[in-house]
Amino acid sequence: MIGRDLASGKYPSVVTRFPPEPNGYLHLGHTFASFLDFQTALQYGGRYHLRLDDTNPEGERVEYAQAILDDLAWLGWRWDEQTLFYASDNFGTYYDYAVKLIELGKAYVDSVSGDEMARLRGSATQAGRPSPYRERSVAQNLELLARMRAGEFPDGAHVLRAKIDLSSANMKLRDPVLYRIRRAHHYRQGDTWCIYPLYDFQHPLQDALEGVTHSMCSLEFIDNRAIYDWLMETLAFSPRPHQYEFGRRSLEYTIVSKRKLRRLVEEGHVAGWDDPRMPTLRAVRRLGVTPEAILKFAASIGVSRTNRTVDLAVYENAVRDDLSPRSPRVMAVTDPVEVILRGPDGAGLTPQTLTLPYWPHDLVQASPDGLMALPSGVRVSAELAGRPVTLSGRLYIEREDVALNPPKGFRRLTLGGAVRLRGAGVIRADEIEVDEAGDGRVVRVLATLLADPETGRSAPGEQLRAAGVIHWVDAGTALSAEFRLYDRLFSVPNPDGAQPDELPVDDGEAGPEGTGQTVSSDFLRFLNPHSLTVTQGYVEASVAHDPPDTRYQFERQGYFWRDPVDSRPEALIFNRIITLRDAWGKAPRAEAVRLRSKDQTKSRKPDAPTFSPEQTAEVARLRALGVTEADAAVLARDRVLLDFFRSGFPGDSVGSHAGQIAAWTVGDLAPALRSGDSKVRSSDLGALASLQSAGQISNRMAREVLAEAVVSGEAPADIVERRGLKMLSDTGALDSLIGRVLAANPDKLAAYRAGKLGLMGFFTGQVMQLSQGQADPQAVATLLRAKLDNPVE
RNA sequence: UGGGGCAUCGUCCAAUGGCAGGACGCCAGUCUCUGACACUGUCAAUCUAGGUUCGAAUCCUAGUGCCCCAACCA
């Protein structure tokens with residue numbers, strides 16, 4: 001679409017803009033919109049603007065504006081004085097245009113109350129009525145507007161409205177309000193203004209002022225486009241921007257409603273706007289997600305004109321994909337159980353230091369230069385990319401890695417069973433101590449190291465194979481740490497949905513209506529009680545020397561980093577950014593999900609269309625002419641089509657090709673006829689039909705010609721003549737074409753003979769293309785089938 | 001109800017009237033000192049009913065479903 005505009009030379013280059021209002025923090029939903037705006041500009045070698053649409057003083061704050069800039073910069077977007085705009089900086093300019101609009105007689109000051117205006121606006125089925133003030137003189141309007149600006153009137157006493165169309169079916173066009181009086185402190189302009197422009201006036205204007213070419217917004221603004229276009233035309237901007245709409249994208253298990261997010265914060269369901277469970281950019285940032293992951297996610301969702309909810313898995317995939325290659329692997333135990341370890345010879349174990357690699361084999365192999373990064377960022381040869389880890393007679397392993405009564409398929413530590421300690425040899429559990437008095441939890445494991453990792457010396461007679469591999473940390477050297485295990489905030493995919501009792505609510509505390517109404521609490525019922533689990537455990541000592549913003553993969557657990565706010569060198573706190581995929585943990589609950597009946601949509605016969613007596617008679621007349629039942633029914637009910645059709649058939653005289661002409665009228669020509677864009681004369685259709693029935697042109701050609709005629713007005717038969725269209729039905733020529741096609745696609749031929757009959761269409765298409773649309777499709781089909789089914793060697 | 005928008009695998013996106021394809025997920029398998037990663041394979045869709053056409057996801061008609069508008073918010 002944009003490519004077309006550029007190609008047509010409509011604009012020299014693309015300019016887009018992302019226009020957030022600084023009345024809250026940016027969230028994942030904004031990310032998609034900003035990505036679309038910015039990335040589009042980049043892709044077409046254009047320019048993007050960041051604009052703060054701060055035209056409503058209520059609720060807008062500097063800190064929000066700063067946070068927006070900050071978050072966007074974090075994502076990697078850049079701007080300068082030329083490409084950063086504040087709408088409020090142009091209040092003066094907007095005002096001048098308002099004056100101009102009045103002078104053009106296209107705007108007026110209205111002085112009825114809000115309620116009265118709503119009443120006068122009418123309803124969907126009822127046209128609006130003019131306000132008694134609609135016909136004020138230009139001079140009067142000008143004076144009133146000036147006095148509004150000067151602060152002579154109280155809030156709400158007057159508004160400036162555009163004079164468009166009070167009876168428009170589009171409610172937006174019923175004289176929209178352009179300016180209102182509102183005494184509120186503007187975070188940027190202070191108290192300079194007491195009148196503020198509204199979106200429908202300000203936004204198009206600002207787009208034009210900035211030289212924006214493609215103004216993209218979400219679908220709900222589609223009705224506003226009419227105002228947009230009206231303004232651009234009335235004010236005669238050229239070249240002018242155009243508005244395009246796209247469907248919103250929401251994410252499963254999250255909400256983005258500002259009001260609801262505020263409730264979460266204010267009622268303490270989360271710790272703040274940057275609580276890592278929130279969908280705000282600040283929150284995902286604190287969680288530890290990288291900007292690259294967010295961008296990758298935004299890029300992976302498609303754009304369309306439908307509002308959609310994206311599978312959480314897509315987001316998670318983007319995050320993991322981004323983290324994996326950048327996160328060194330280390331070990332941490334989040335829920336520790338002590339293990340006392342004996343050496344292979346049964347004696348105590350003397351502490352030893354192992355060197356364990358930061359990176360798994362596949363990542364090392366994927367390295368183009370064979371070098372791997374240390375957490376510090378320094379790249380060294382793969383063998384050196386490791387860290388020292390102590391192994392001694394006392395260590396910690398994960399509680400869920402030990403079981404006295406293991407479930408089926410358990411590949412971890414059981415009594416008498418053996419597992420491999422990651423990077424440190426195989427151990428066997430000789431004894432598992434449980435808390436008999438308490439809840440029966442495992443408190444300690446006595447185990448034997450079956451083979452010394454350094455000497456390779458194994459215990460005599462031991463041939464136990466390890467059931468699996470588990471992670472561990474050395475008790476003597478590990479650092480204690482707090483782990484914040486985050487999970488999705490809501491337990492259902494669509495916490496916003498299924499809330500029939502929700503009332504429309506005003507966003508601002510000081511709103512004129514809606515005050516006193518509260519946000520439905522339903523979404524709170526879906527809060528996931530396990531969205532945050534805090535545990536005390538241990539992390540291997542090596543992390544102490546790493547940069548604080550290092551993202552790690554704690555092996556077998558997930559990706560973590562230090563909480564940027566609360567973590568201290570002497571009191572480490574790690575956030576779990578995301579878990580690893582877990583086929584084992586997921587298995588039990590997987591089956592509970594999938595099962596949805598396919599045919600909920602009962603196919604119901606549409607009601608038969610009803611006809612008036614006249615229409616019934618018309619159908620009969622048309623049928624007599626040779627028009628099919630279906631076409632006759634459509635024609636009889638559609639005045640425009642019927643008139644067109646009839647004009648080619650004076651009286652009821654039977655035209656020889658009535659059936660065909662009716663078919664074209666109802667099928668190919670209908671949309672153009674209805675919109676009045678067709679230049680075809682129905683009297684010309686007969687000649688075309690003759691050509692077709694005579695076999696000179698195919699139906700396909702006829703319709704092509706028709707499409708051209710709609711635009712040009714040239715008689716269809718003349719087009720056929722001029723372009724020399726003639727159906728090619730000579731068997732010899734067709735045979736040779738078919739031969740060429742088959743020879744060029746031996747693989748398809750084989751596939752067809754192997755049973756992929758759908759390829760018939762492919763072959764036909766190829767032949768048609770080769771013949772430039774001139775081949776007789778029926779003849780081709782016959783010949784092709786013969787050739788395909790009876791291979792001649 | 002008046003106007004507007006939309007409808008393709010479970011999810012998201014493709015397909016000048018001519019092979020319904022990709023990604024994520026799922027399932028199965030291979031590999032594995034991470035139940036990860038990687039790799040292989042399978043399953044899986046054109047809202048419904050008619051019509052036009054040699055051929056329809058695409059064009060036509062009727063219907064169904066979902067969303068938006070009827071703010072002095074954006």
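Within every chain, numbering begins at 1; the chains are lettered A, B, ... in the order of the sequence lines, protein sequences first and strands thereafter.
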What's the gap between [N] and [M] when it is taken at their [atom1] atoms, as a whole Å value?
{"N": "B:rG51", "M": "B:rA45", "atom1": "P", "result": "24 Å"}
{"N": "B:rG4", "M": "B:rC9", "atom1": "P", "result": "27 Å"}
{"N": "B:rU52", "M": "B:rC60", "atom1": "P", "result": "15 Å"}
{"N": "B:rG25", "M": "B:rC37", "atom1": "P", "result": "8 Å"}
{"N": "B:rU1", "M": "B:rC72", "atom1": "C1'", "result": "27 Å"}
{"N": "B:rU32", "M": "B:rA38", "atom1": "C1'", "result": "10 Å"}
{"N": "B:rC27", "M": "B:rC66", "atom1": "C1'", "result": "31 Å"}
{"N": "B:rA23", "M": "B:rG55", "atom1": "P", "result": "33 Å"}

Salt bridge or not between A:Glu220 and A:Arg248? Use side-chain N to carboxylate O under 4.0 Å.
yes

Determine, for A:Asp322 against A:Lys296, whether the closest basic-nitrogen to carboxylate-oxygen distance falls under 4.0 angstrom.
no

Counting side-chain heavy atoms from C-beta on, which of [options] comes nearest to [X]?
{"X": "A:Gln778", "options": "B:rC60, B:rC54, B:rC72", "answer": "B:rC54"}
{"X": "A:Arg420", "options": "B:rC54, B:rG35, B:rC33", "answer": "B:rC33"}
{"X": "A:Asp311", "options": "B:rC19, B:rA62, B:rU11", "answer": "B:rU11"}
{"X": "A:Lys756", "options": "B:rC19, B:rU53, B:rC54", "answer": "B:rC19"}
{"X": "A:Leu219", "options": "B:rG35, B:rG5, B:rC72", "answer": "B:rG5"}
{"X": "A:Val469", "options": "B:rC72, B:rC19, B:rC33", "answer": "B:rC33"}

Reckon [X] has a side-chain N or O less than 4.0 Å from the OP1 or OP2 of [N]?
{"X": "A:Thr628", "N": "B:rU52", "value": "no"}
{"X": "A:Arg121", "N": "B:rC69", "value": "no"}
{"X": "A:Arg581", "N": "B:rC26", "value": "yes"}
{"X": "A:Arg556", "N": "B:rG35", "value": "yes"}
{"X": "A:Arg674", "N": "B:rU61", "value": "yes"}
{"X": "A:Asn224", "N": "B:rC69", "value": "no"}
{"X": "A:Ser324", "N": "B:rC37", "value": "no"}

Derivation and outcome, side-chain hydrogen bond (donor to acceptor under 3.5 Å, both in side chains), residues A:Tyr228 and A:Asp200:
CA-CA 7 Å; A:Tyr228 196 108; A:Asp200 281 314; over 6 Å; no

Donor/acceptor link under 3.5 angstrom from [X] side chain onto base of [N]:
{"X": "A:Arg700", "N": "B:rG17", "answer": "no"}
{"X": "A:Arg329", "N": "B:rU34", "answer": "yes"}
{"X": "A:Gln557", "N": "B:rU34", "answer": "no"}
{"X": "A:Gln660", "N": "B:rU52", "answer": "no"}

Checking A:Lys748 against A:Phe763: charged group under 6.0 Å from the ring centre and within 45 degrees of the axis?
no

Atom [atom1] of [X] and atom [atom2] of [N]: how far apart are they, to the nearest Å?
{"X": "A:Arg320", "N": "B:rC24", "atom1": "CZ", "atom2": "P", "result": "13 Å"}
{"X": "A:Leu734", "N": "B:rC54", "atom1": "CG", "atom2": "C1'", "result": "13 Å"}
{"X": "A:Arg248", "N": "B:rU11", "atom1": "CZ", "atom2": "C1'", "result": "20 Å"}
{"X": "A:Asp668", "N": "B:rU61", "atom1": "CG", "atom2": "C1'", "result": "13 Å"}
{"X": "A:Leu635", "N": "B:rU52", "atom1": "CG", "atom2": "P", "result": "14 Å"}

For RNA chain B, the dot-bracket pattern of Watson-Crick and G-U pairs whose distances stay under 3.5 Å, | for other-strand partners:
.((((((..((((....[..))))..((((.......)))).....(((((..]....))))))))))).....

For A:Tyr199 and B:rA74, say yes or no: do the ring centres fall under 5.5 Å of each other while the ring planes differ by less than 30°?
no

Taking C-beta and beyond as the side chain, do [X] and [Y] meet within less than 4.5 Å on heavy atoms?
{"X": "A:Val469", "Y": "A:Arg556", "answer": "no"}
{"X": "A:Val389", "Y": "A:Thr355", "answer": "no"}
{"X": "A:Met148", "Y": "A:Val109", "answer": "yes"}

Could you give me the CA-CA distance, side-chain angles and deciding distance for A:His471 and A:Arg329, then say whether side-chain hydrogen bond (donor to acceptor under 3.5 Å, both in side chains) is met?
CA-CA 11 Å; A:His471 59 274; A:Arg329 319 284 131 125; over 6 Å; no

Among residues 356-367 of chain A, which contact RNA chain B at a heavy-atom distance under 4.0 Å?
A:Pro360, A:Asp362

Run the numbers on A:Glu398 and A:Arg412 for salt bridge (charged side-chain N to carboxylate O under 4.0 Å, His left out), then give the verdict.
CA-CA 10 Å; A:Glu398 206 70 51; A:Arg412 309 176 189 183; over 6 Å; no

I'd like a list of close polar pairs between nucleotides 2-4 of chain B and the protein, N/O only, cut-off under 3.5 Å.
{"from": "B:rG3", "atom 1": "N2", "to": "A:Asp223", "atom 2": "OD2", "distance (Å)": "3.0"}

Indicate whether the side chain of A:His158 and that of A:Asp110 have a donor and an acceptor atom separated by less than 3.5 Å.
no

Listed once per pair and sorted, the salt bridge (Lys or Arg N to Asp or Glu O under 4.0 Å) pairs that draw on residues 167-179 of chain A, sequence neighbours left out
A:Arg134-A:Asp175

Side chain to side chain contact (heavy atoms under 4.5 Å, CB included) partner of A:Tyr315, the single match among A:Asn317, A:Asp311, A:Val319
A:Val319

So if I apply the side chain to side chain contact (heavy atoms under 4.5 Å, CB included) rule between A:Phe18 and each of A:His30, A:Met216, A:Arg51, which one comes out positive?
A:His30

A:Arg320 side chain to A:Thr579 main-chain N or O, any donor-acceptor pair under 3.5 Å?
yes

Closest-nucleotide 5' rank along RNA chain B - winner of A:Gln769 and A:Arg305:
A:Arg305

Heavy-atom nearest nucleotide on RNA chain B for A:Gln766 versus A:Val634: which residue maps closer to 5'?
A:Gln766

Exactly one of A:Phe201, A:Tyr196, A:Phe153 should register a ring-ring contact (aromatic ring centres under 6.0 Å, His included) with A:Tyr179. Which one does?
A:Phe201

Every protein N/O lying under 3.5 Å from an N/O of nucleotides 39-42 of chain B:
none

Write out a two-atom table: protein N or O, nucleotide N or O from nucleotides 7-9 of chain B, distance below 3.5 Å.
{"from": "B:rU8", "atom 1": "OP2", "to": "A:Arg308", "atom 2": "NH2", "distance (Å)": "2.6"}

What about the rings of A:Tyr199 and A:Phe221, do their centers lie closer together than 6.0 Å?
yes

